[in-house]
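Everything below concerns the one structure shown next.
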Amino acid sequence: MGDHTHGWAAAPGAAERARSVLAAAWSCTVTAEGTREDLVGAHTVTEDGRVLLDAPEDGALLAAVIRGPRQEPSAVLEFADVAPVPVRDRVRSRVWLAGRFSAEGGRLALRPTRVVLRRPSGALTVGADEFAAAAPDPLAGAEARLLTHLADCHADAVDRLTRLVDPARLQGAVRVRPLAVDRHGLTLRIEHARTDSDVRLPFHAPADAVSRLTERMHVLLSQAAAASCPRPLQRQRADGDG
């Protein structure tokens, strides 16, 4: 590969990742008092990490909580982090929050006492205080739009970025798609016939706002243009087209 280097190799911590999942998720599954219910567009997260739920008045969840023997029943909330771009195994991670419900302004409020983040690499327990103090990644709310635009309108740019990937990782690859982006870098999903793997391309400096992402991507593309390594994926496409 070319002699390119990255001066910034940080990645989001577990607490930040968990907060980012909650910030971007549109739905969650709630288990409480023996009932399980899927809620869509019903949750918000406060700055200190409390989750507020607008439970349907005629739903099983609210009825179970109201009629439960305890005024503050225990509950578990599950959030799925789904890749916005179609890839294999689109669930990138899951977050479980355990705690007790309380009433707050006509809504159910849960202050997590236990947080678990599960990723393909394994599960991590996040401290409740650490979760409360963390903030979501500044790109979390815009990630779906950004990745979809990159995949649909700039597939050529994704292809050029494969110059930054170890050629061995690309041998036999059939498709490369943008999987995730955060302020620290872009992750690509490399799909082979039966397997897939992910590679992270770190930015040279964090993109602490959406407005800074364009410059960070331009730097990556410039580094890719300077790389002298041929791309096995491109050669494979050319052979297939021939």
Side-chain angles (χ1 to χ4, degrees), residues 1-14 16-17 20 81-93 117-124 137 139-140 142-208 210 212-242:
M1 296 182 69
D3 249 353
H4 61 278
T5 59
H6 296 285
W8 182 265
E16 183 178 336
R17 288 185 186 276
S20 297
D81 172 28
V82 182
V85 174
V87 293
R88 294 197 200 115
D89 301 323
R90 290 184 70 172
V91 178
R92 301 178 296 189
S93 63
L117 169 69
R118 176 175 289 280
R119 307 185 69 220
S121 57
L124 294 171
D137 185 89
L139 304 184
E143 185 195 28
R145 171 176 56 83
L146 295 169
L147 288 181
T148 301
H149 178 76
L150 179 61
D152 293 347
C153 303
H154 299 286
D156 57 330
V158 175
D159 187 59
R160 290 199 301 273
L161 288 172
T162 62
R163 285 184 177 272
L164 300 176
V165 179
D166 183 345
R169 301 281 296 272
L170 294 170
Q171 290 291 346
V174 297
R175 187 170 71 162
V176 177
R177 301 279 274 172
L179 177 71
V181 67
D182 56 63
R183 64 189 173 113
H184 299 298
L186 174 72
T187 300
L188 301 178
R189 167 67 55 84
I190 303 172
E191 295 183 349
H192 293 74
R194 294 183 177 83
T195 62
D196 53 68
S197 62
D198 301 336
V199 61
R200 185 172 176 82
L201 304 179
F203 298 142
H204 70 282
D208 289 328
V210 174
R212 296 183 179 180
L213 183 61
T214 299
E215 186 273 340
R216 305 302 189 259
M217 291 296 297
H218 283 166
V219 171
L220 281 182
L221 289 168
S222 295
Q223 292 170 342
S228 60
C229 177
R231 289 164 289 178
L233 179 64
Q234 197 173 57
R235 292 203 304 272
Q236 179 181 334
R237 288 174 176 169
D239 294 344
D241 292 343

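Quick caveat, the model's predicted, so the values are computed rather than measured. Position 1 is the first residue of the sequence; numbering continues from there.
The nearest pair of heavy atoms linking Ala142 to Val210 is CB-CG2, 3.9 Å. The heavy-atom pair separating Leu220 from Phe203 by the smallest distance is CD1-CE2, 3.6 Å. Here the shortest heavy-atom pairing between Pro178 and Leu150 reads CB-CD2, 3.8 Å. Arg88 approaches Thr195 most closely through the heavy-atom pair NH1-O, 2.9 Å. Across every non-hydrogen atom of Leu179 and Leu147, the tightest pair is O-CD1, 3.4 Å. Nearest heavy-atom pair across Ala224 and Arg163 is O-CD, 2.9 Å.
Under 4.0 Å is where a charged nitrogen must lie from a carboxylate oxygen, and between Asp196 and Arg177 no such pair does.
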- request: Show your working on side chain to side chain contact (heavy atoms under 4.5 Å, CB included) between Ser197 and Arg169 and close with a plain yes or no.
  value: CA-CA 8 Å; Ser197 62; Arg169 301 281 296 272; 3.6 Å; yes
Side chain to side chain contact (heavy atoms under 4.5 Å, CB included) assessment of Asp89 paired with Val87: CA-CA 6 Å; Asp89 301 323; Val87 293; over 6 Å; no
task: Could you give me the CA-CA distance, side-chain angles and deciding distance for Arg200 and His184, then say whether side chain to side chain contact (heavy atoms under 4.5 Å, CB included) is met?
output: CA-CA 10 Å; Arg200 185 172 176 82; His184 299 298; 3.2 Å; yes
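The backbone N or O of Ser222 lies less than 3.5 Å from no partner atom in the side chain of Arg160, so there is not a single donor-acceptor pair. Formation of a donor-acceptor pair under 3.5 Å by the Arg216 side chain with backbone atoms of Ala205 is found in this model. Checked by atom type and distance alone, the side chain of Ser20 pairs as donor or acceptor with a backbone atom of Asp137 at under 3.5 Å. In this structure a side-chain-to-backbone donor-acceptor pair under 3.5 Å is present from Glu143 to Val181. A donor-acceptor pair under 3.5 Å is absent between the side-chain atoms of Arg92 and the main chain of Arg119, judged by distance alone.
Proximity of Met217 to Leu161: side-chain heavy atoms (C-beta onward) are separated by under 4.5 Å at one or more points.
The line from CG of Leu146 to OG1 of Thr214 is 8.5 Å long, rounded to the nearest 0.5 Å. The distance from the CD atom of Glu16 to the CG atom of Asp182 is 7.5 Å, given to the nearest 0.5 Å. Atom OG1 of Thr162 is separated from atom CG of Asp159 by 4.5 Å, given to the nearest 0.5 angstrom. Going from atom CG of Leu213 over to atom CG of Asp208 covers 11.5 Å, rounded to the nearest 0.5 Å. Here Leu188 contributes atom CG and Asp198 contributes atom CG; the two are 9.0 Å apart, rounded to the nearest 0.5 Å.
For the side-chain contact (heavy atoms from CB on, under 4.5 Å) with Arg17, the lone residue among Asp81, Leu124, Leu117 that qualifies is Leu117.
His149 meets the ring pair (Phe, Tyr, Trp, His ring centres under 6.0 Å) test with His154; sequence neighbours excluded. The ring pair (Phe, Tyr, Trp, His ring centres under 6.0 Å) test applied to His192 returns no partner, not counting sequence neighbours.
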